[in-house]
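Reviewing the structure listed below.
Values in this document were obtained by computation on a predicted structure and should not be read as measured data.
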Amino acid sequence: MTASVHLYSHDYANVHRGVHTLSVRSTDKFEGARTKVKDFINAASEKEIIFVKGATEAINLVAQTYGKAISSRVMKLSLPPWSIIPILCLANSV
């Protein structure tokens with residue numbers, strides 16, 4: 001909690017959006033957190049760490065990424081990305 005209060009009162013700026021001191025400081029802290037997560041989960045690279053705002057964004061990101069990987073074999077459907085995965089899994093198992 002103390003770190004959050006300090007961030008919002010002293011260091012807060014858009015990450016990766018500016019060259020001024022606060023933005024650079026925020027970007028460095030953001031990328032530092034990415035490195036800590038990489039080390040904690042033993043990922044091969046920081047590029048494997050993606051921060052999202054919430055569960056819905058994470059699910060949609062996974063669904064869209066998976067869907068793009070095999071979309072050449074399946075027609076585009078007017079469905080939410082997360083609902084296509086079971087259809088694609090069934091199509092691949094047949």
Output all residues satisfying ring-ring contact (aromatic ring centres under 6.0 Å, His included) with F30, sequence neighbours left out; order by chain, then residue number. H16, F51

Is there a donor-acceptor pair under 3.5 Å between the side chain of S23 and the backbone N or O of V19? no

Locate the shortest heavy-atom distance separating A43 from E48; write the atom from each residue and the value. CB-OE1, 3.4 Å

Pairwise distance NZ(K29) to NZ(K36) - rounded to 0.5 angstrom: 10.0 Å

Would you say that I49 contacts I41 through its side chain, given a criterion of any heavy-atom pair below 4.5 Å between the two side chains? yes

Considering all heavy atoms, the nearest T27-N14 contact: OG1-O, 4.4 Å

To the nearest 0.5 Å, how far apart are CZ in R34 and CD1 in I50? 8.0 Å

